[in-house]
Number of protein chains: 2
Amino acid sequence: MSVTIEDISKKLKLSTSTVSKALNGYKDVSEKTRELVMGTAKELGYHPSAAARNLRRQRTDKIGFVFNNSLMYISDYFAEVIVGATAAAEAVGNNIVLYINEGDSPDSLIKLIRAKEVDGFVFVWNHVPDQIVDMLLDEKVPFVILGRRVSHPEASWIAPDNYSGATELMQHLLEAGHTRIGFTTRPSMGHTNQDRFDAYRDALVQAGIEIDEDLIVETKIEPFSGYHAAKKLLDLEDRPTAIFAFHDYVAIDAHQAIVERGLKIPDDVAIVGFDGLSVSAFTTPPITTVTQPLAEIGRESILMLLKRIANNNLPPIQKTLPVELEVRLSSQLKK
Amino acid sequence: MSVTIEDISKKLKLSTSTVSKALNGYKDVSEKTRELVMGTAKELGYHPSAAARNLRRQRTDKIGFVFNNSLMYISDYFAEVIVGATAAAEAVGNNIVLYINEGDSPDSLIKLIRAKEVDGFVFVWNHVPDQIVDMLLDEKVPFVILGRRVSHPEASWIAPDNYSGATELMQHLLEAGHTRIGFTTRPSMGHTNQDRFDAYRDALVQAGIEIDEDLIVETKIEPFSGYHAAKKLLDLEDRPTAIFAFHDYVAIDAHQAIVERGLKIPDDVAIVGFDGLSVSAFTTPPITTVTQPLAEIGRESILMLLKRIANNNLPPIQKTLPVELEVRLSSQLKK
DNA sequence: TACACTCCCGAAATCGATTTCGTAGCATAT
DNA sequence: ATATGCTACGAAATCGATTTCGGGAGTGTA
């Protein structure tokens with residue numbers, strides 16, 4: 001049996017009320033008793049039962065981190081985010097509970113909410129369906145969406161500045177003299193994809209280059225999808241001299257396709273990715289990308305969520321974080 | 001206010017006892033009332049309060065997953081493990097709570113134990129100090145160490161078969177005709193390192209090749225450490241024709257050093273890694289490695305832990321999992 | 001009729017903390 | 001002397017479930 005508050009109270013011949021108040025910094029406890037209580041608490045190795053606290057205070061000091069199975073494909077993204085988030089949470093005595101949840105069924109989420117397993121959620125998702133956002137707002141559960149902005153005006157989110165990142169990438173490619181730039185996209189245009197595509201299109205238009213629909217190819221969210229997309233681009237009669245893969249993993253796939261064709265990177269085809277996954281630095285040549293402050297995003301998501309937990313009636317917080325162009329060999333200037 | 005068991009009992013004019021028993025499958029409830037209770041529970045959207053259950057049942061159905069900061073360096077290892085583990089845990093209604101904890105101070109662990117935040121721990125650590133193992137055994141907390149075997153006979157662990165994996169790697173290199181094989185090691189020899197090194201040494205001895213101490217170089221657990229180690233090897237007068245990096249990240253570092261020297265992989269220097277991190281497939285050429293069934297390790301660690309939670313007096317479980325040699329271009333046969 | 005035995009159900013204790021409210025004891029003001 | 005205020009503490013309610021124990025109603029047996 002573990003040490004409870006009662007053990008302390010009996011030993012000191014005090015009431016449990018007083019002991020609890022002494023431990024929790026209430027003012028109606030004399031300095032002398034407080035020291036006594038603190039002392040014996042440490043001496044006995046007392047730590048309050050989480051369950052009892054949770055039940056009484058109706059909060060858990062736990063935060064749910066919700067992933068979907070794409071976790072495995074973005075593991076280093078995840079790892080950095082989680083490190084930042086965990087540190088921020090632990091600093092204020094909170095813990096992080098992991099959930100893997102596919103977006104299509106809100107049932108298990110509802111269960112978590114009803115059971116009060118956590119005080120709030122951070123979604124590290126490619127896509128949080130509107131249905132779920134509505135449900136969460138309905139249930140008045142504090143939540144923050146990480147890595148992706150959503151349309152609902154009442155939702156809080158924190159996301160990288162995809163548009164300006166993609167603009168920098170395009171600027172970089174245009175300055176290098178590329179005029180035919182391929183773009184890989186996703187079948188369903190989420191905001192992330194849309195923003196990066198908008199930047200692609202706008203940059204071309206501003207440079208006076210006409211959009212060639214042939215240069216825009218679809219990739220699915222599955223292995224080798226970027227590989228096939230790149231092949232399609234390389235098969236074009238008027239082959240692009242650069243490929244803007246909208247995600248580092250797609251860039252790595254494309255890299256492979258290019259190498260297999262016997263083409264040189266960046267001389268024959270330059271390639272750039274997005275998101276700053278660490279793997280993009282390990283290819284030969286390493287791939288130019290746009291990096292995000294991942295640990296900071298993780299940290300910030302926790303801080304945002306804690307604010308909402310403290311007061312869920314605050315206006316939603318929506319943050320766009322600056323990104324940074326990281327030029328690597330895969331897109332070196334043409335001479 | 002959320003729906004409690006009392007709401008159901010009032011609506012049906014039953015006692016809370018009966019409602020609880022109906023929901024939890026007790027036999028002393030008639031089939032009729034059970035259906036009634038189940039029905040209105042669903043109708044009202046009832047889910048039992050986690051805190052109340054935990055308090056009364058003295059268990060949380062939560063498992064603590066403890067990492068240290070190296071998490072960032074082994075993110076895809078982590079990701080696969082966690083996916084397997086989470087799936088296994090959710091299948092039996094358990095959840096996973098993440099903790100990042102440096103091995104040196106057991107204080108925060110003690111707090112978690114005393115507060116009964118979780119029912120047990122899985123340590124995904126490079127190194128769990130004996131001090132902590134002893135403490136956990138003392139406190140009778142169920143725990144499993146993942147990815148690394150430990151000396152203490154009472155500890156449960158699950159780890160890859162490092163010795164036979166490294167043996168296969170060495171066999172592969174020896175068959176390719178290599179006789180001078182460099183090995184990168186760690187300053188403090190843990191079991192993992194030791195097993196891989198033993199296999200290295202034994203394979204050489206069996207092949208009648210003398211151990212050359214110059215070919216064994218140290219790496220620290222920090223970025224670029226493998227890079228420097230490889231350079232040291234390449235600087236030798238009688239340069240090795242192959243490098244056995246004891247970890248994929250070290251292999252990637254070494255890869256870079258070799259490329260910078262203008263040497264060709266595998267013609268001038270072959271290279272092999274260990275652990276099957278997915279990044280090792282993305283280099284050019286991709287790096288030969290030994291893969292582990294990571295998702296299974298994650299899953300298995302949960303099952304082992306659950307057994308210990310059910311009965312912590314069981315004899316410890318210690319599992320070695322088979323690994324698989326994955327030959328890639330970085331060590332292709334010499335002609 | 002008496003007794004034993006099942007089948008269902010409810011009262012109440014319990015898990016371990018937090019928090020409200022009341023008050024004894026003492027000092028100070030009127 | 002009475003009123004007022006302040007400090008420091010304790011009694012008891014409370015959070016929401018689980019679980020033990022006891023017993024009424026109904027059936028079967030001697």
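Letters A, B, ... are given to chains in the order of the sequence lines, protein chains preceding strands, and every chain is numbered from 1. Given the structure is predicted, the values throughout are model-derived calculations rather than measurements.
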| task | Send over the distance from B:Arg57 CZ to C:dG16 P, rounded to a whole Å. | result | 15 Å

| Do A:Glu6 and A:Lys11 sit within salt-bridge range, that is, some charged N less than 4.0 Å from a carboxylate O? | no

| task | Please name all residues satisfying salt bridge (charged side-chain N to carboxylate O under 4.0 Å, His left out) with A:Glu139, sequence neighbours left out, ordered by chain then number. | result | A:Arg114

| message | Without decimals, in angstroms, what is the distance between B:Lys116 NZ and C:dG16 C1'? | response | 10 Å

| How large an angle, rounded to 10°, do the end axes of the helix from C:dT1-D:dA30 to C:dT30-D:dA1 enclose when each is built from five base pairs? | 60°

| said: List the residues meeting side-chain hydrogen bond (donor to acceptor under 3.5 Å, both in side chains) with A:Ser108, not counting sequence neighbours, and say none if there are none. | reply: A:Asn101

| query | Under 4.0 Å between a side-chain N/O of A:Gln58 and OP1 or OP2 of C:dT18, yes or no? | reply | no

| task | Mind checking side-chain hydrogen bond (donor to acceptor under 3.5 Å, both in side chains) for B:Thr40 and listing every partner two or more places apart, or none if nothing turns up? | result | none

| query | Parallel, tilted or perpendicular: which describes the rings of A:Phe78 and A:Phe67, with under 30° parallel and over 60° perpendicular? | reply | perpendicular

| query | Could you give all pairs that pass the side-chain hydrogen bond (donor to acceptor under 3.5 Å, both in side chains) test and reach residues 298-317 of chain A, with sequence neighbours left out? | reply | A:Ser156-A:Arg308, A:Glu300-A:Lys319, A:Arg308-A:Asn312

| field | side-chain hydrogen bond (donor to acceptor under 3.5 Å, both in side chains) involving A:Arg34 - partner list, sequence neighbours excluded | value | none

| query | Between D:dT18 and B:Asn24, is there an OP1 or OP2 to side-chain N/O distance shorter than 4.0 Å? | reply | yes

Please report, to 0.1 Å, the donor-acceptor pairs under 3.5 Å made by any side chain of residues 140-149 of chain A, with sequence neighbours excluded.
unit_1, atom_1, unit_2, atom_2, d
A:Arg148, NE, A:Asn126, O, 2.5
A:Arg148, NH2, A:His127, ND1, 3.0
A:Arg149, NE, A:Asp195, OD2, 3.0
A:Arg149, NH1, A:His191, ND1, 3.4
A:Arg149, NH2, A:His191, ND1, 3.4
A:Arg149, NH2, A:Asp195, OD1, 2.9
A:Arg149, NH2, A:Asp195, OD2, 3.3

| field | Rounded interatomic separation in angstrom, taking NE2 from A:His47 and P from C:dA17 | value | 12 Å

| message | Does the protein touch nucleotides 7-14 of chain D at the base, only the backbone, or not at all? Give it as B, S and - per nucleotide, heavy atoms under 4.0 Å. | response | -BBBBBBB

| query | Can you tell which of C:dC15, D:dT18, C:dA17 lies closest to the side chain of A:Arg53? | reply | C:dA17

| remark: Between CG of A:Asp61 and C1' of C:dA17 the distance, given in whole Å, is 14 Å

| Looking across every strand, which nucleic acid part, if any, lies under 4.0 Å from B:Ser20 by heavy atom: base, sugar-phosphate, or nothing? | base

| request: Specify the separation, in whole Å, of atom NZ of B:Lys10 and atom C1' of C:dG10. | output: 16 Å

| task | Scan A:Thr4 against the nucleic acid and name what it touches under 4.0 Å (heavy atoms): base, sugar-phosphate only, or nothing. | result | sugar-phosphate

| task | Take B:Tyr26 and B:Leu55, find for each the nucleotide of DNA chain D with the closest heavy atom, and name the residue whose nucleotide sits nearer the 5' end. | result | B:Leu55

| Residues in side-chain contact (heavy atoms from CB on, under 4.5 Å) contact with B:Asp119, at least two apart in sequence or another chain | B:Arg59, B:Thr60, B:Asp61, B:Ile309

